[in-house]
Amino acid sequence: MTRHAVLAAGGTGGHMFPAQALAEELLRRGWRVTLASDARGMRYAGGFPAAVARREIASATNAQGGLTTRLAAPVTLLRGVMQARAWMKRDRPGVVIGFGGYPAAPGMAAAAMLGIPRVIHEQNNVLGRANRLFVRGVHALACGIGVPGNAPEGVRTVETGNPVRDAALAVAGRGYEAPESGPVNLLVFGGSQGASVLSDLLPPALSFLPDALRARIRVTQQARDGEIGALTDNYDAADIAHVEAAPFFDDMPERIAGAHLVVARAGASTCAELAVIGRPSILIPLPTAMSDHQSANAAWLAAAGAAIAVPQGGLTPEALGRVIGEVLGDPARLAAMAEAAAGIARADAAERLADLVEEAASA
């Protein structure tokens, strides 16, 4: 009988991309895979292989929305748990893997109720709310960037690294050539949900670059749909002639590989793909991230010499432009940063996690 794994994940691409990477690896090993998430999480499931079954379940959080939404959240969650429990009883998985995000909660709760072996993967070095709620009683806690400081005592931890999608692994071997002359490809993105601050900062920041360098810049930027018109106007005002902007790029690993420099938030999946693909970056951590985990993610790359971490607080376009100009003006430094990024990559993270999943299912 084919082994069956359920991946409980959702909320953002940061939770879904590692789940996708594990799904790809488990399918290669002959597993049957089901993704369990809510409607919001399913919006990030487009890259999952067609062989992965989808189970949309109700979920909610009392940390977001208005009073009515927050009050209704426990009822919605309970409905999702009952939905997940019902279909897991009919099609019992051998193991359930939680990747965090509140859409993962119903699947993890149902698995616990049914006594199904469970593994949790935490992308950051701080356990998120959902993972913190369900971590006790799991076979193991798989860690993406070091062991979380808030992991409970007695929970087995295994440092697997953060799995990256096959699309990222496919371009991982592509060499990096620092731009001595000619076009300079600058990639800007704020994670799966975009980042308004990058849309505000980047155009005026690039206006502070020397004229000769500014004329070579080609910008590709992920931005929120309602901001694209103003963004392109602001780049035009900054004399940046070559700009491609869109709300989402479904070939982001390819675009990372084609970049000479990346300016981005510091989500765990972003950092993992920057390392695996081996590209230099300037990272501006999201200051409101829980327990400031994005700063820790950025510090991981920065400590290796692969990135420059720039706090958002008090950051001005002129200051950001100065950092960008210093890096782009030093091709040797860019090449060294790219090499350093590749040097700390864990390209086998999906295999490590799949090994742990198979171990849990067999325990």
Side-chain angles (χ1 to χ4, degrees), residues 9 12-25 44-48 99-100 121-125 142-146 159-176 185-195 198 220-222 246 248-286 289 293-294 296-309 334 337-353:
T12 68
H15 300 299
M16 297 293 273
F17 294 157
Q20 178 184 328
L22 177 62
E24 291 163 345
E25 177 62 24
Y44 299 102
F48 278 71
F99 286 86
H121 181 271
E122 175 54 59
Q123 297 85 53
N124 304 292
N125 77 335
C143 308
I145 301 179
E159 294 191 49
T160 59
N162 278 316
V164 299
R165 301 167 285 176
D166 283 353
L169 293 174
V171 295
R174 189 177 298 177
Y176 178 81
N185 299 327
L186 181 67
L187 175 64
V188 183
F189 64 97
S192 60
Q193 301 181 87
L198 299 185
T220 300
Q221 184 159 347
Q222 176 195 301
F248 188 77
F249 294 110
D250 58 10
D251 59 345
M252 186 60 80
E254 179 69 34
R255 291 175 184 272
I256 292 174
H260 293 115
L261 177 66
V262 175
V263 180
R265 288 298 198 195
S269 290
T270 294
C271 292
E273 293 193 351
L274 286 170
V276 166
I277 298 170
R279 292 298 178 264
S281 59
I282 295 171
L283 301 175
I284 305 174
L286 176 68
H293 67 256
Q294 285 206 6
N297 295 344
W300 172 65
L301 283 169
I308 298 171
L334 283 171
M337 292 172 70
E339 184 178 359
I344 60 170
R346 285 188 172 174
D348 63 346
E351 297 170 20
R352 290 170 179 255
L353 182 55

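The analysis underlying the following values was restricted to heavy atoms, covering all of them including side chains, and did not include hydrogens, waters or symmetry mates. This one's a predicted model, so the numbers in the text were calculated from it and none came from an experiment. Counting begins at 1 with the first residue of the sequence.
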Is the shortest heavy-atom distance from the side chain of [X] to the side chain of [Y] under 4.5 Å?
{"X": "Val262", "Y": "Thr270", "answer": "no"}
{"X": "Pro163", "Y": "Glu25", "answer": "no"}
{"X": "Thr220", "Y": "Asn185", "answer": "no"}
{"X": "Tyr44", "Y": "His15", "answer": "no"}
{"X": "Asn297", "Y": "Pro285", "answer": "no"}
{"X": "Val171", "Y": "Glu254", "answer": "yes"}
{"X": "Leu283", "Y": "Arg265", "answer": "no"}
{"X": "Phe99", "Y": "Gln123", "answer": "yes"}

Which atom of [X] lies closest to which atom of [Y], heavy atoms considered:
{"X": "Ala296", "Y": "Asn125", "answer": "CB-OD1, 3.4 Å"}
{"X": "Gly278", "Y": "Ala341", "answer": "CA-CB, 4.0 Å"}
{"X": "Ala168", "Y": "Ile277", "answer": "O-CG1, 3.9 Å"}
{"X": "Ala266", "Y": "Gln294", "answer": "N-OE1, 3.0 Å"}
{"X": "Trp300", "Y": "Ala275", "answer": "CH2-CB, 4.0 Å"}
{"X": "Arg279", "Y": "Gly175", "answer": "NH2-O, 3.3 Å"}

With rounding to the nearest 0.5 Å, note down the distance linking [atom1] in [X] to [atom2] in [Y].
{"X": "Ser269", "Y": "Arg165", "atom1": "OG", "atom2": "CZ", "result": "7.5 Å"}
{"X": "Leu261", "Y": "Ile282", "atom1": "CG", "atom2": "CD1", "result": "4.5 Å"}
{"X": "Ile344", "Y": "Leu301", "atom1": "CD1", "atom2": "CG", "result": "4.5 Å"}
{"X": "Leu353", "Y": "His121", "atom1": "CG", "atom2": "NE2", "result": "5.5 Å"}
{"X": "Ile284", "Y": "Ile308", "atom1": "CD1", "atom2": "CD1", "result": "11.0 Å"}

Derivation and outcome, side chain to side chain contact (heavy atoms under 4.5 Å, CB included), residues Glu122 and Cys143: CA-CA 5 Å; Glu122 175 54 59; Cys143 308; 5.9 Å; no
Residue pairs passing the side chain to side chain donor-acceptor pair (under 3.5 Å) test where at least one lies in residues 341-352, sequence neighbours excluded: Asp348-Arg352
Derivation and outcome, side chain to side chain contact (heavy atoms under 4.5 Å, CB included), residues Glu273 and Asn162: CA-CA 9 Å; Glu273 293 193 351; Asn162 278 316; over 6 Å; no
Identified side-chain contact (heavy atoms from CB on, under 4.5 Å) counterpart of Gln221 within the set Leu186, Val263, Val188: Val188
Plane angle bin for Tyr176 and His260 - parallel if under 30°, tilted between 30 and 60°, otherwise perpendicular: perpendicular
Intermediate values then yes/no, side chain to side chain contact (heavy atoms under 4.5 Å, CB included), Leu187 and Met252: CA-CA 10 Å; Leu187 175 64; Met252 186 60 80; 4.0 Å; yes
His293: partners by ring-ring contact (aromatic ring centres under 6.0 Å, His included), with sequence neighbours left out: none
